[in-house]
**Student:** 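Would you mind keeping the following structure in view while I ask a few things?
Order of the sequence lines fixes the chain letters, A, B, ..., with proteins taken first and strands second; residue numbering starts at 1 for each chain. Every value quoted in this text rests on a predicted model; they were computed, and no experiment measured them.
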There are 2 protein chains.
Amino acid sequence: MRKNAKFDRDQVVDKATNLYWEKGFHATSMRNLQDVIDMRPGSIYATFGSKEGLFKEALMRYTQQGVTALHLCRNETQSPLEALKRFVKEIVIDTQTAAPNGMCMLAKTVAELTDSNRDLLEEAKRSLKILETEFEKLIIEAQEHGEVAKDKVAGQLARHLQIQISGLRIYAKTYGDEAPLDQLVEDIFTHYPF
Amino acid sequence: MRKNAKFDRDQVVDKATNLYWEKGFHATSMRNLQDVIDMRPGSIYATFGSKEGLFKEALMRYTQQGVTALHLCRNETQSPLEALKRFVKEIVIDTQTAAPNGMCMLAKTVAELTDSNRDLLEEAKRSLKILETEFEKLIIEAQEHGEVAKDKVAGQLARHLQIQISGLRIYAKTYGDEAPLDQLVEDIFTHYPF
DNA sequence: GTTAAAATTGAACAATCGTTCAAATATCTT
DNA sequence: AAGATATTTGAACGATTGTTCAATTTTAAC
C-alpha cells in the first residue's frame with residue numbers, strides 16, 4: 001500500500017479535532033494530544049508549528065466536514081428545506097450522544113476564547129459565517145423551489161437558523177434528556193419565519 | 001466605618017466573577033485571581049477552599065445578580081412582557097460593550113466544562129434553569145395581564161426565550177457590530193410565539 | 001495590657017504546562 | 001549499497017499550574 005501523506009495528516013487532524021472539540025482549547029494539553037494522535041512533540045511541532053496551529057487546522061477541518069455533511073443532506077433529500085431540517089436534526093440530536101461534545105465546536109470556541117488568541121477566535125468566527133452562508137444558499141434554493149416565500153430575505157432566515165441552532169445546542173447540553181429536541185427542531189421549521 | 005465581613009466577601013467574589021466571566025474557568029489562573037482580588041493564596045484557600053470553590057461562588061453570585069436585574073426590570077416597567085424585553089436588551093446589547101464578556105457566563109461555562117468538573121457544570125446548569133423559571137413566572141404574569149394568550153404554555157415560552165437569548169449572545173460575539181441586535185431582540189417579542 | 005484565637009502572609013512544593021533540539025531512525029537518490 | 005535528506009524521537013527546559021503551611025500579623029476577649 002502506497003503511502004499517502006495527506007491521508008495520514010487528515011487522520012491525525014481528525015483525532016486532534018475530536019479531543020479539542022471535547023475539552024476545548026485551554027483544557028487540552030499537548031501531552032494529552034500526543035497520546036491521542038500518537039505523535040511525539042518534535043513531530044507535532046515540525047508539522048503544525050504550535051498548539052494553536054494544530055487547533056486552527058482542527059477548526060478548518062471541522063468546518064469543512066460540516067459543509068460536506070450539509071451537502072450530503074442535500075443530496076439525500078428531495079427539497080432544500082428538508083435538507084436543512086435533516087442537517088439540524090443531525091447536529092442537534094445525533095451529536096448529543098455520538099459526538100465528543102453536544103456543543104458546536106465553533107460556537108464553543110467563540111464562547112471560550114478571548115483576544116489573547118485572536119487568530120483562533122477569528123478563525124472560528126469566520127467558520128460560523130461560512131456555515132451561515134451555506135444555509136443561505138439552501139434557503140435561496142428553497143425560495144426558487146417555492147418552499148419559502150420570495151419576499152423573505154434569505155440572509156435573515158439563515159441568520160435566524162444559525163441563532164436557533166446555537167441556542168438549541170446550549171439548551172440541549174443544559175437539559176440533557178429532558179429537552180424534547182426533536183419537537184424543538186420541528187418547531188424551527190414549522191413556525192416563523194419559514 | 002464598621003467592618004462588614006459579608007460586604008468584603010461580596011466585593012471579592014464580584015471581582016473574581018468578572019475575571020472568571022472574561023477568561024473562563026480553565027484560562028483563569030490562581031495567580032491572576034490573586035492579583036485581581038488582592039488576596040494571598042493562603043487566605044483564598046482558607047475562605048473558598050479551592051479554585052473550583054471560588055468559581056462556584058462566582059456562578060451563584062452571577063446568577064443571583066441576574067435574577068435581581070430581572071426583578072429590577074419588572075419594577076421599572078409597566079408590564080411583565082416589557083420587563084422581559086428590557087432585560088433581554090440589557091444582557092444582549094448593553095453587555096456586549098460594558099461587561100467582561102458578551103457571552104452569558106452560565107452558557108459559557110456549560111459550553112466550556114465537561115464531567116471533569118461535574119460540580120461546576122451542574123451548578124451552571126442549575127442556574128440556567130433558575131433563570132428560565134424566572135422567565136416563566138413573568139410570562140404567567142403576562143398571561144394574567146392579557147399580554148400573552150392563555151392557551152400558550154408558559155414553560156414553553158420561557159424555554160423559547162432562553163434559547164433565543166443563548167443563540168443571540170453567541171451570534172453577537174461572532175458578528176460584533178454587524179449584528180442588528182436591537183432589531184433581533186425586537187423580533188423575538190413581535191413574532192412567534194409571543 | 002496581656003493572652004488566646006483568628007486571619008493573613010508569601011515562600012515553597014510537586015506537578016504539569018508548551019516547547020526545543022541533538023541524536024536516532026527512516027526515506028529517498030543515485 | 002552508500003550517501004544525502006527528511007522525519008521522528010524523547011529527554012530536557014524554563015515557566016507556570018493549583019495548592020500547602022509554618023511563620024507572622026491582626027483581631028478579640030478579659
Side-chain angles (χ1 to χ4, degrees), chain A residues 1-59 109 112-121 123, chain B residues 1-13 15-17 19-59 109 112-121 123:
Chain A
M1 187 176 72
R2 199 181 165 294
K3 172 131 189 270
N4 185 336
K6 175 122 200 311
F7 183 68
D8 282 347
R9 188 184 183 102
D10 279 359
Q11 272 191 319
V12 164
V13 175
D14 268 348
K15 289 176 186 166
T17 301
N18 283 340
L19 186 62
Y20 276 131
W21 186 3
E22 183 196 342
K23 319 225 309 179
F25 178 73
H26 282 112
T28 301
S29 74
M30 287 304 289
R31 283 174 173 77
N32 204 169
L33 231 19
Q34 289 163 32
D35 296 342
V36 167
I37 69 181
D38 192 30
M39 284 174 76
R40 261 39 65 196
S43 294
I44 299 178
Y45 279 81
T47 309
F48 300 104
S50 66
K51 184 188 180 186
E52 305 208 2
L54 179 51
F55 188 81
K56 188 167 185 176
E57 200 151 322
L59 282 180
T109 299
E112 177 186 7
L113 298 184
T114 66
D115 277 343
S116 309
N117 302 97
R118 193 165 314 170
D119 258 23
L120 300 180
L121 182 52
E123 181 61 37
Chain B
M1 187 176 72
R2 198 182 166 293
K3 170 130 190 273
N4 185 334
K6 174 122 199 314
F7 183 69
D8 282 349
R9 190 185 180 100
D10 279 359
Q11 271 192 317
V12 164
V13 175
K15 289 176 187 167
T17 302
L19 186 62
Y20 276 131
W21 186 3
E22 183 196 342
K23 320 227 302 181
F25 178 73
H26 282 113
T28 301
S29 74
M30 287 305 289
R31 282 175 172 77
N32 202 169
L33 231 19
Q34 289 163 33
D35 295 342
V36 167
I37 70 181
D38 193 30
M39 285 175 76
R40 261 40 63 197
S43 294
I44 298 177
Y45 279 82
T47 310
F48 301 103
S50 65
K51 185 187 178 185
E52 305 209 1
L54 179 50
F55 189 81
K56 188 167 183 173
E57 200 151 324
L59 282 180
T109 299
E112 177 185 5
L113 298 184
T114 66
D115 277 345
S116 309
N117 301 98
R118 194 165 314 171
D119 259 23
L120 300 180
L121 181 54
E123 181 61 36

**Student:** How many whole angstroms separate atom CE of B:M30 from atom P of C:dC17?
**Tutor:** 18 Å
**Student:** Using whole Å, report how far CZ of B:F25 lies from P of D:dT17.
**Tutor:** 13 Å
**Student:** Would you mind reading off the distance between A:F48 atom CZ and D:dT8 atom C1', rounded to a whole angstrom?
**Tutor:** 14 Å
**Student:** Within less than 4.0 Å of OP1 or OP2 of D:dT17, is there a side-chain N or O belonging to B:S29?
**Tutor:** yes
**Student:** Quick one: B:I44 CD1 to C:dT8 C1', roughly how many Å, whole number?
**Tutor:** 11 Å
**Student:** With a 4.5 Å limit on heavy-atom distance, are the side chains of B:L113 and B:H26 in contact?
**Tutor:** yes
**Student:** Take atom CG of B:D8 and atom P of D:dT26, then tell me their distance rounded to the nearest Å.
**Tutor:** 16 Å
**Student:** Round to a whole Å and report the spacing from CZ of B:R40 to C1' of C:dA12.
**Tutor:** 17 Å
**Student:** For the helix from C:dG1-D:dC30 to C:dT29-D:dA2, what angle separates the axis at the start from the axis at the finish, each from five pairs, in steps of 10°?
**Tutor:** 10°
**Student:** Do B:Y45 and B:M39 come close enough that some side-chain heavy atom pair is under 4.5 Å?
**Tutor:** no
**Student:** Between C:dT19 atom P and A:F55 atom CZ, what is the distance in whole Å?
**Tutor:** 14 Å
**Student:** In terms of the nearest nucleotide of DNA chain C, which residue is placed more toward the 5' end: A:S43 or A:R31?
**Tutor:** A:R31
**Student:** May I have the distance from B:R9 (atom CZ) to C:dA7 (atom P), rounded to whole angstrom?
**Tutor:** 11 Å
**Student:** Take A:V12 and A:R9, measure what side chain to side chain contact (heavy atoms under 4.5 Å, CB included) needs, and give me the verdict at the end.
**Tutor:** CA-CA 5 Å; A:V12 164; A:R9 188 184 183 102; 5.7 Å; no
**Student:** If you check every side-chain atom of B:S50, which of C:dT9, C:dG18, D:dT19 has the closest atom?
**Tutor:** D:dT19
**Student:** So, do A:K51 and A:Y20 sit near enough that their side-chain heavy atoms are less than 4.5 Å apart?
**Tutor:** yes
**Student:** For B:L120 and B:L59, work out which heavy atoms get closest and say how close.
**Tutor:** O-CD1, 3.7 Å
**Student:** Find out whether A:T28 and A:F55 are in side-chain contact, i.e. whether some heavy atom of one side chain is under 4.5 Å from a heavy atom of the other.
**Tutor:** no
**Student:** Measuring from the side chain of B:Y45 (C-beta onward, heavy atoms only), which nucleotide among D:dT19, D:dT8, C:dG18 has the closest atom?
**Tutor:** D:dT19
**Student:** Using the side-chain hydrogen bond (donor to acceptor under 3.5 Å, both in side chains) definition, which of the options A:E123, A:E52, A:E112 pairs with A:N117?
**Tutor:** A:E52
